Amino acid sequence: MTDLSHLRADFPILHQQVCGHPLVYFDNAATSQKPRQVIDALVHYYEHDNANVHRGLHELSNRSTANFEAVRKKVARFIGAEHEEEIIFTRGSTEGINLVAQAWSAQHLKAGDVVVITGMEHHSDIVSWQLAVERCGATLKHVPVLDDGTLDISVLDSLLATEPVKMLACVHISNSLGTINPVKEICAKARARGVATLIDGAQAVGHVPVNVRDIGCDFYVFSGHKMCAPTGIGGLYGRLETLNSMQPWHGGGEMIETVTLERSTYKAAPHRFEAGTPDIAGVIGLGAAIDYLESVGLENIQAHGRELTLYAMEKLNALPGLRLLGPPAPADRASLAGFTLACAHPHDLVEFANTQGLALRGGHHCTQPLMKRFKAPGTTRASFYFYNTQAEVDRMIDILNQAIAFFS
Amino acid sequence: MTDLSHLRADFPILHQQVCGHPLVYFDNAATSQKPRQVIDALVHYYEHDNANVHRGLHELSNRSTANFEAVRKKVARFIGAEHEEEIIFTRGSTEGINLVAQAWSAQHLKAGDVVVITGMEHHSDIVSWQLAVERCGATLKHVPVLDDGTLDISVLDSLLATEPVKMLACVHISNSLGTINPVKEICAKARARGVATLIDGAQAVGHVPVNVRDIGCDFYVFSGHKMCAPTGIGGLYGRLETLNSMQPWHGGGEMIETVTLERSTYKAAPHRFEAGTPDIAGVIGLGAAIDYLESVGLENIQAHGRELTLYAMEKLNALPGLRLLGPPAPADRASLAGFTLACAHPHDLVEFANTQGLALRGGHHCTQPLMKRFKAPGTTRASFYFYNTQAEVDRMIDILNQAIAFFS
Amino acid sequence: MALSDDLRDLYQQVILDHSRSPRNHGQLHGEGCVHVHGDNPTCGDEIDVWVKFAADGGVEDIKFEGQGCAISQASASMMTVKMKGTDAEKLKGLIQDFRATVTGEGTVKDEDTLGELALLEGVQKFPQRVKCATLAWRAVEQAMQQKGEGS
Amino acid sequence: MALSDDLRDLYQQVILDHSRSPRNHGQLHGEGCVHVHGDNPTCGDEIDVWVKFAADGGVEDIKFEGQGCAISQASASMMTVKMKGTDAEKLKGLIQDFRATVTGEGTVKDEDTLGELALLEGVQKFPQRVKCATLAWRAVEQAMQQKGEGS
Ligand SMILES: Cc1ncc(COP(=O)(O)O)c(C=O)c1O
Ligand SMILES: Cc1ncc(COP(=O)(O)O)c(C=O)c1O
């Protein structure tokens, strides 16, 4: 197995006891932990460079601005965007999705149009589009999920062929099932029909190599906090011509050219969509996270995740009364395992695990429709990142065995 | 003079050389510096507690959630809100204003209505309302600024008496003039006519004691980064019944109760307006900043600022060709001084100052209409915070004298 | 790897037993019956409670159905056992005492009536589970209100 | 407190002199005159340039008005001095050489024609001022384009 356990030394938080046991952190799909390098970048920023960006001519402001914009370039390269102007900094995936659902829709969506999502979207991609279609009288349809946790692409084909679809929004990697969707193929189908695409990469960026140009989407969102960066920062990629075809979203400083009390004119992307003082330190931290992940290597991260998941799936499938959701083949999935146990509700299981130092997540994972689809009141989810080890999986299996004995 | 110079030891960034001179940081109205205590709180969070909030049952998540919600309570107390549910975490003032201009307006503003702003609003409060009235066919009017930098309240009176005003948005402290507006009186006038009020407290919170209940506004916004907190975090106060009368703004996790692919139901405030993973560390840092400011004492901060401004104004007014904008009496203004110099454009002056280690800001300060009003192509602004000293003001005057000699 | 005392307190044998074999499981129909649905949307716990109130406002009969964690289901089951046949006076006291037991706020006035329910005291150490333990109880309070409005 | 060399290079005496007493200040009207307005919205610098092009595309006459920092106004003034009477060929070279001078990117081909303008080399050390130095020049480029479209 790809051994990255030496990297644990970079993560101060991992070396603690919880309830008298060494912490095993398997809640990475909710948020990742941060390496010393990222924390240090924040501290360095606040101790040396902190100043507002774009508006100053003094040294600290010049430094902040240069470092801030350098991260935009870094993000563009990291996810394969053609121009750095295609990267808009957001709080995270949710804000990015809402920006598109509001600002893109205002220009491009009208009564009678159809927006297509999938049955495995995160609430952020369901509710923002519900709000968007409600505002303009469009309709929301969805591509259902098959029993094996993959999308029923035949329904997508027929929706695209028969409905006035304007936008297709689809998750890259499902945070509940672990399914890796064939987003390149899906975007090609949409593009062939002139349909815009938004890919939710919250679980993908920093976990698998991502190239937005190769995927061929119009928009792509991600959250920094799920890829070793600070909380409060993320990114929206949008194709430049699409972004510049959109009217502003929020009004404020930095997004304007000239303002009179009567009317205003606006900058081009990306600044048009970044009103107000941004999370400057968050952006600096995001840059440090990308440096860190690249030093580890995205291929190594992906390989390690796949191997650990294969190992975990084999052990989990052997437990009595355990039902694993999502694709059966580890090659088709990301490094997480969502499951139900016959004898214990997810919340009881997570509570039990916690008293042994194991951090799992139980519930609907912001995918209530998917839970209903699989007739589960919720699942227990173990999600891994590169700093997790086989020994930690063994420990989880041990604890689950105890839980089964306890609750049965 | 109130001596708070011992606090400089808490601010690592202040102890550096810029262009071979000790840094004098007078750009506090753009963003404040951060004390060791706030930086430490961020580091502690990432090294011990980092986990996603609200959704977990494991130890780290419970800790994060408890600490996160404790800050909501702290903010409520700090600005005098009645209920902690009245505090919504935002990226900063700009996001708060846009939330109100979008989510409140969707419910409460229609064609023919009037929104009143003032001639000294920051671009965030101008452009968001321009976008809002454009969306629904309402009209934007403004209260002009008098020569002494105060508002022409007689125009406000007549607008309220004769126009179908629905919303009055007004800055608490002008970031360009330093004017402290009589917001309590203004809100009383609006309330008497059933007009909702939004006060932009970006320059007020953390600088003067603020009590939203005493002010009597419906909404109040502020930015953490201007009050010793990290970048990327701020707050919106809204009266509970007003907030709960508003439909959701962004869709996503945390703001929903139940989601089906057809429709969703939403939580009450504040969570209704906090979609997605928030800037958890930013909130923790905001809490630490409030603790820090309270340990210094808001009254001390205000007194020190007033004394330093009085001192600076006297010295500035003695410089040849210098025109100081804003109220002539220091008691009526916050601790900043915006001015023009006959012999030098603000950008030349700021560039000159920077080579002497002095950080000033030159330009329109996101208040272009106000600059036009005072026929200034921009101003040079020195803005102080409690860690600034009289000696630093002396140094600024020295440098300005040199600049005058150089450019004349 | 010994289990923690807190955990053993939370999931006492009696509690696990109620969650596995809930008492008074099912529905009630007919005159004087009030049906209330309750849920904890964030955790997905759901409960349906049917109450047949007595003339004095006490509980003549009560049944429930639901799904959720052991705490929410056990609490519902144990609640129905205690409530059945309780008069209006005792009912109010019981609800108050139960809330005091699981939150640790306020004092329990009548330990005897509480009986087995006192075992749910373990919830105090798990504040985020209070809403699980009180789910069925909030449904009953809502039923009392509905009845009040109906009469 | 000596002034830094970088600052002295940026604001050389000649530059300050041009900013205080701009040459070719004013407007041009009549046939063959192109008027262009340019601005740097973020700093508030504004410029109006009037160009009377010669038949060959060179500059017969040029004037400007504007407000802004010393760099933007001095650069405009010095530009008009150099451009007046320049033929089309030299005009293009001048613009390229000037850009190379202030950005430090590319090489200056014709130092002689540049003359005094070479003094603006000091801008290289202040990258955020490049857009001040080039404001008037971008306006002339726009005027050249407009003329091209018109003919
Ligand atoms: C697939 C998916 N989409 C969207 C989100 C929302 O991301 P955030 O909460 O960072 O905005 C998440 C994470 O919670 C996710 O897993
Ligand atoms: C008066 C005023 N309002 C609003 C803002 C915008 O604040 P932020 O950029 O933090 O959103 C500022 C600061 O730039 C300000 O000074």
Side-chain angles (χ1 to χ4, degrees), chain B residues 17-22 24 30 123 127 176 321 338 340-381 394-408, chain D residues 1-22 25 37-48 64-78 102 119-136 139:
Chain B
Q17 303 269 313
V18 162
C19 299
H21 301 271
V24 174
H123 288 165
V127 182
S176 290
T340 60
L341 257 189
C343 63
H345 185 276
H347 285 164
D348 297 316
L349 199 55
V350 170
E351 196 81 80
F352 185 98
N354 184 55
T355 62
Q356 302 286 322
L358 168 61
L360 297 173
R361 189 152 290 237
H364 53 60
H365 315 291
C366 293
T367 55
Q368 288 181 5
L370 191 63
M371 295 295 119
K372 193 167 272 176
R373 157 72 182 81
F374 283 103
K375 297 193 174 52
T379 63
T380 303
R381 183 183 69 188
D394 290 338
R395 173 106 180 95
M396 169 177 75
I397 299 296
D398 243 31
I399 294 169
L400 290 178
N401 270 316
Q402 287 180 61
I404 291 169
F406 184 79
F407 287 113
S408 292
Chain D
M1 253 178 292
L3 295 182
S4 81
D5 291 343
D6 285 351
L7 192 75
R8 290 207 180 278
D9 285 349
L10 180 64
Y11 295 110
Q12 304 209 29
Q13 212 44 58
V14 177
I15 295 173
L16 288 177
D17 180 59
H18 270 276
S19 90
R20 286 186 205 114
S21 332
H25 198 260
H37 175 84
D39 60 2
N40 284 332
T42 14
C43 18
D45 292 351
E46 294 195 60
I47 204 112
D48 283 278
F64 85 102
E65 289 179 355
Q67 63 170 7
C69 66
I71 304 301
S72 69
Q73 302 307 306
S75 175
S77 171
M78 294 162 80
V102 293
L119 296 173
L120 279 160
E121 194 181 29
V123 171
Q124 281 182 30
K125 293 270 177 57
F126 299 83
Q128 65 282 12
R129 304 303 292 275
V130 168
K131 66 180 190 306
C132 311
T134 54
L135 175 59

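Labels below follow one simple rule: chain letters A, B, ... track the order of the sequence lines, proteins then strands, and each chain is numbered from 1. Just so it is clear, the model here is predicted, and its values are computed rather than measured.
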Which region of [X], side chain (C-beta onward) or backbone (N, CA, C, O), has a non-hydrogen atom less than 4.5 Å from a non-hydrogen atom of chain B, or is it both or neither?
| X | result |
| --- | --- |
| D:Tyr11 | both |
| D:Glu46 | neither |
| D:Leu10 | side chain |

For this session: Check for a donor-acceptor pair, side chain of B:Asp348 on one end and backbone N or O of D:Cys69 on the other, with a separation under 3.5 Å.
Result: no
Exercise. Closest approach of B:Phe406 and D:Arg20, non-hydrogen atoms and distance?
Worked result: O-NH2, 3.4 Å
Exercise. Which pair of heavy atoms, one from D:Arg129 and one from B:His347, lies closest together, and at what distance?
Worked result: NH1-O, 3.5 Å
Problem set entry | Heavy-atom check, side chain of D:Leu3 versus side chain of B:Gln356, under 4.5 Å | yes
Exercise. Are the side chains of B:His345 and D:Asp45 in touch, meaning some heavy atoms are under 4.5 Å apart?
Worked result: yes
More than 12 heavy atoms from other groups under 6.0 Å of [atom1] on [X]:
| X | atom1 | result |
| --- | --- | --- |
| B:Lys372 | NZ | no |
| D:Gln124 | CD | yes |
| D:Asp5 | CG | no |

Exercise. For chain B, which of D:Ser19, D:Ser72, D:Cys132, D:Ala70 has the most heavy-atom pairs under 4.5 Å?
Worked result: D:Ala70
Problem set entry | Side chain, backbone, both or neither of B:Gln368 within contact of chain D (heavy atoms, under 4.5 Å) | side chain
